[in-house]
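Beneath this line is the structure, given in structure tokens, with notes to follow.
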Amino acid sequence: MPRMTTSPSSAVVPPAAVSSTADASARVPAAASGSWVLGDLTVRRVGFGAMRLPQVGAALVADAVPRDRGEAIAVLRKAVELGVNHIDTAAFYFSPLRSANELISSALGGPYPDDLVIATKVGPARDATGAWSEHARTPAGLRGQVEENLRQLGRDHLDVVNLRILGTDSVAERFGALAELREAGLIQHLGLSNITPEQLAEARTIAPVVCVQNMYGIGVRPEYAEFVRFCGEQGIAFVPFYAIAAAGREGGATAAESPEVRAVAEAHGASPAQVRIAWTLHQGPHLLAIPGTGDPEHLAANVAAGALRLTDEDLALLDGLHHATAA
């Protein structure tokens, strides 16, 4: 059974609570989005993605422009002040001078808030120059990445580790290696990223899966509808990435916004980004949003999107756009 600690009706407030002004958005806490339980860890449904934190502009590129350290730390602390208690990160989220994990540790560690859940991912690898390396596919390689995350975050165990996959081949050996680290106490819960339903089924024969993290959003992967529903039926969180950026991916939202999204945003006094986050959350109580930013005003607006209630008419318009376009 899906596990949500707040009902859909109580997880939102009237649209008037969401405004395009920074002052109004700053008054809306993450708790307005409702909660979900990852294994035994309760998280608010609007979290924070750390990919954009180490740099200004495009992420995951060797020549990224480092973000001001003080600004990045301030954004992380502001997120927690707003009630965000689910942060998504990875050791390969770094720019020439900034590491997402190190920023998280500096801003929030010593000690971390008791209710903070940090989800990281393993598989992809970048060398010291920022160039991409081969994915970790062996037990030793994956253990090394887990230990790297532990060192950078200053933790004795990782709350959630997502195994990020490229391709459609078997995940058994890799997921089995992480399951052994879970049994050893280095990992509390396991998830999967960028996977197919078949890979999820295979992994679940090895160890429990608390979340699936796949690319998804308005106009992005409409064919995932049944997969998204299935995850909810199994009590597995579905955590979309690039829900705002869509085809812009690690470069951010670059395309002109659609008339449909703009119309819904104007009707609610919200931004297009807020509408995209809200649409994601309306796809089921198990959907968790992890929008990322290095701007405190954008952060407050992203959190406030968890309080935006879309009407049936809004959803029909946006669903039509979702199925008409694909990124």
Side-chain angles (χ1 to χ4, degrees), residues 2-3 36 38-39 41 43 47 49 51 60 86 88-93 117-126 132-139 141-143 145-146 149 158-182 187-217 219-243 245-247 249-250 280 283-284 286-290 292 322 326-327:
R3 296 160 291 175
W36 180 263
L38 287 171
L41 303 172
V43 297
M51 185 185 73
L60 307 180
H86 173 210
D88 175 80
T89 187
F92 57 87
Y93 289 173
V117 176
I118 300 176
T120 188
K121 61 189 72 65
V122 295
R126 297 169 69 196
W132 288 103
S133 303
E134 290 293 321
H135 264 230
R137 299 182 64 90
T138 66
L142 290 166
R143 183 184 182 101
Q145 290 190 345
V146 166
N149 278 278
L158 299 173
D159 299 323
V160 180
V161 173
N162 289 303
L163 175 63
R164 171 91 170 174
I165 298 297
L166 282 181
T168 59
D169 55 332
S170 172
V171 301
E173 182 181 6
R174 286 168 286 174
F175 198 73
L178 294 181
E180 290 181 3
L181 297 179
R182 175 176 173 267
I187 299 171
Q188 190 165 352
H189 296 294
L190 295 173
L192 293 158
S193 178
N194 203 42
I195 60 154
T196 66
E198 293 76 19
Q199 289 169 326
L200 173 60
E202 181 183 35
R204 293 180 74 203
T205 67
I206 297 167
V209 176
V210 300
C211 56
V212 166
Q213 191 179 92
N214 275 19
M215 187 173 174
Y216 186 64
V220 179
R221 309 283 169 80
E223 69 274 13
Y224 276 0
E226 190 59 38
F227 191 22
V228 171
R229 280 194 293 270
F230 174 79
C231 287
E233 291 167 358
Q234 300 302 311
I236 299 170
F238 195 94
V239 188
F241 58 85
Y242 301 148
R249 303 193 178 207
E250 52 275 306
T280 296
Q283 302 312 299
H286 62 300
L287 273 285
L288 306 180
I290 49 169
H322 178 55

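Within the model, atoms CH2 of W36 and CG of L41 stand 13.5 Å from one another, a figure rounded to the nearest 0.5 Å. Atom OG1 in T89 sits 6.5 Å away from atom NZ in K121 (nearest 0.5 Å). The distance from the CG atom of L60 to the OH atom of Y93 is 6.5 Å, given to the nearest 0.5 Å. With rounding to the nearest 0.5 Å, the separation of CD1 in I118 from CG in L158 is 8.5 Å. Atoms NE2 and SG, from H86 and C211 in turn, are 6.5 Å apart once rounded to the nearest 0.5 Å. In this structure, the separation between CD1 on I206 and CZ on R182 is 12.0 Å, given to the nearest 0.5 Å.
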**Item:** Residues Y216, H322; criterion ring pair (Phe, Tyr, Trp, His ring centres under 6.0 Å); working and verdict
**Value:** CA-CA 10 Å; Y216 186 64; H322 178 55; 5.6 Å; yes
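At a threshold of 4.5 Å between non-hydrogen side-chain atoms, the residues P240 and M215 do not count as touching. Proximity of I236 to V210: side-chain heavy atoms (C-beta onward) are nowhere separated by under 4.5 Å.
Among E202, E198, Q199, the one residue that satisfies the side-chain hydrogen bond (donor to acceptor under 3.5 Å, both in side chains) test with S170 is E202. Each of F238, F230, Y224 was scored for a side-chain contact (heavy atoms from CB on, under 4.5 Å) with V212, with one residue passing: F238.
Remark: side-chain polar atoms of H189 are not paired, donor with acceptor, to backbone N or O of A119 under 3.5 angstrom. Checking side-chain atoms of H286 against main-chain N and O of A237 turns up no donor-acceptor pair under 3.5 Å.
The two residues A207 and A179 make their nearest non-hydrogen contact at CB-CB, 3.9 Å. Considering every non-hydrogen atom in both Q145 and P124, the closest pair reads NE2-O, 3.0 Å. Of all the heavy atoms in Q188 and D159, the pair that sits closest is CB-O, 3.3 Å.
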Could you give the side-chain donor-acceptor pairs of residues 161-168 under 3.5 Å, partners two or more places apart or in another chain?
from	atom 1	to	atom 2	distance (Å)
N162	OD1	L192	N	3.4
R164	NH1	S193	OG	3.2

